[in-house]
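Worksheet: the structure to be examined is printed underneath.
All values below were derived from every heavy atom in this structure, side-chain atoms included, with hydrogens, water molecules and symmetry-related copies excluded. The shown structure was predicted, so the numbers you read here are calculated from the model rather than taken from an experiment.
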Amino acid sequence: MNSTTQLLITGSIALAFTGADAKMRSDHPNIILIMCDDMGYGDLGCYGQKFISTPHIDTLAQEGMRFTQAYAGAPVSAPSRACLMTGQHTGHTLVRGNKEYWPDSPTVMYGHNKDYAVVGQQPYDPGHVLLPEIFKDKGYRTGMFGKWAGGYEGSVSTPDKRGIDDFYGYICQFQAHLYYPNFLNEFVRERGDTAVRRVTLEQNIQHDMFGKDYFNRKQYSADLIHQRALQWLDKQDRQHPFLGIFTYTLPHAELAQPEDSLLTSYERRFFVDKTWGGQEGSRYNPVVHTHAQFAAMISRLDEYVGQIMRKLKEKGIDDNTLLIFTSDNGPHEEGGADPAFFGRDGKLRGLKRQCYEGGIRIPFIVRWPGHVKAGTVNDLQIAFYDLMPTFCELIGTEDYTKLYRNRNVRDYFDGISFGPSLLGKPQKKTHDFLYWEFSETDQIGVRMGDWKMVVVKGTPRLYNLATDLHEDHDVAAQYPDIVRQMVGIIKSQHQPSEYYKVTLPSI
């Protein structure tokens, strides 16, 4: 273990509190961040969805603040989560794509199913402080349930090494393609665990990973993860502040879930439905009712949110808990999903993997009784990298750069606190621009006020979102001064990466 990693681990260990300390800490808000996977801007009733029932999330919006111009950190999972965890945009983050570490791994057997011995994605920069480490330094209890996607098993960046006390879910986002997997990952600091370990799902491995027998598996990961999240919430109290990061995999493909009343109700509704043949290499099993499956996955997620809201009230901690619901990026077409059927892009162009609005603009709802005014709609332009400074302001750790251990690595922090806006105060500091880049499709995105630039393989395209929300009309030729200004932003924000290459625009 190098000295930088050791310092980070040491800095992330919880402080020991006296009774007086614990009471002082109770004045700080609890925070729960629910991030689902690949839900589009228009997939919820409160954002205009007509076919899918989401009463609990709609209630969340009625009781809180619904943002209309909130953005993910990137158009795919791993880099979007990296922006949230680091407070950096994808011109500065180390992790800017879904760089996988499992393809070259040896294999192991689970029953008669072959799987990988080491799984996961590119680790977060060990020298850059992460969001849960900041909360640990402040004395918070920290739990994460769902998908990590910030390092491979045994790497310098796993939940146990980055400020998380309790983890249950998937270290690897590729593993998360299976809703009935061979194993999940677990870490419980209080139990004395020294590292994340695998938990074999014994009933699942008795059946095949692909094909008809797969559907005899009964250990459904989404339910298992949610149950662990509720159990963790049940252990919380008013004396100890906590951070809960619930990164549910719903409604990402594969389209699979228990054959219960929730699914059958949609199968009856979408009587004429589509089928999909599966894709074994991507771990997407065949689907019989694609529309019903997708709709039920969102409603299942909605039920989870309702149970969390009830648990907070049952525990008597509802009034001191800031609850956020959002998605990691725009809608997908994977595993048989059909975004066009539901009109799920909310009148936005583009899907996952694109820097057009549909790939990066996401639902974002904040509820905090007594602090965030109920029923408000906010058009402030925010992005995932704003969450770190916002949370730090709310918990009283505005100078979080003091936790940044290694001064020789990137020290960019790109976010702005939108805490004043949440609390109904003037938002004096706002973004001059928002920034994205994604090497897989060779795209760069910049938003500057109502102007939006999408650079595709080096060619800049300019749109005015005030009059062209769907980004249909490229007006770059009519506004050369705006193009030059936004190209200048790109060149000032892009830091070269050895792993993720994008073509910079030229004029």
Can you see whether [X] engages [Y] through a side-chain donor-acceptor pair at a distance of less than 3.5 angstrom?
{"X": "Gln175", "Y": "Arg283", "answer": "yes"}
{"X": "His56", "Y": "Gln307", "answer": "no"}
{"X": "Glu437", "Y": "Tyr435", "answer": "yes"}
{"X": "Tyr180", "Y": "Asn285", "answer": "no"}
{"X": "Asn204", "Y": "Asn182", "answer": "no"}
{"X": "Arg353", "Y": "Asn98", "answer": "no"}

Is [X] close enough and on-axis enough to [Y], meaning under 6.0 Å and within 45°, for cation-pi?
{"X": "Arg141", "Y": "Phe242", "answer": "no"}
{"X": "Lys99", "Y": "Tyr101", "answer": "yes"}
{"X": "Arg96", "Y": "Tyr500", "answer": "no"}
{"X": "Arg228", "Y": "Phe145", "answer": "no"}

Please report the closest heavy-atom contact between [X] and [Y], naming both atoms and the distance.
{"X": "Ile31", "Y": "Phe135", "value": "CD1-CZ, 3.7 Å"}
{"X": "Tyr124", "Y": "Leu94", "value": "C-CD2, 4.3 Å"}
{"X": "Lys147", "Y": "Ser77", "value": "NZ-OG, 3.1 Å"}
{"X": "Arg300", "Y": "Pro258", "value": "NH2-O, 3.7 Å"}

**Asked** Is there a side-chain contact between Tyr214 and Glu254 (heavy atoms, below 4.5 Å)?
**Response**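 Tyr214 vs Glu254: side chains touch.
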
**Request:** State, yes or no, whether a side-chain contact exists between Pro241 and Asn30 at a heavy-atom distance under 4.5 Å.
**Result:**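 Yes, at least one pair of side-chain atoms sits under 4.5 Å.
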
**Message:** Please report whether the ring centroid of Phe364 lies less than 6.0 Å from that of Phe67.
**Reply:**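 Yes: the rings meet the under 6.0 Å criterion.
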
**Request:** Give a yes or no on this: more than 12 heavy atoms of other residues, nucleotides or ligands lie within 6.0 Å of atom NZ of Lys235.
**Result:**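 Count over threshold, so yes.
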
Look at [X] together with [Y] and state whether they make a salt bridge at an N to O cut-off of under 4.0 Å.
{"X": "Asp328", "Y": "Lys352", "value": "no"}
{"X": "Glu153", "Y": "Arg197", "value": "no"}
{"X": "Lys501", "Y": "Asp442", "value": "no"}

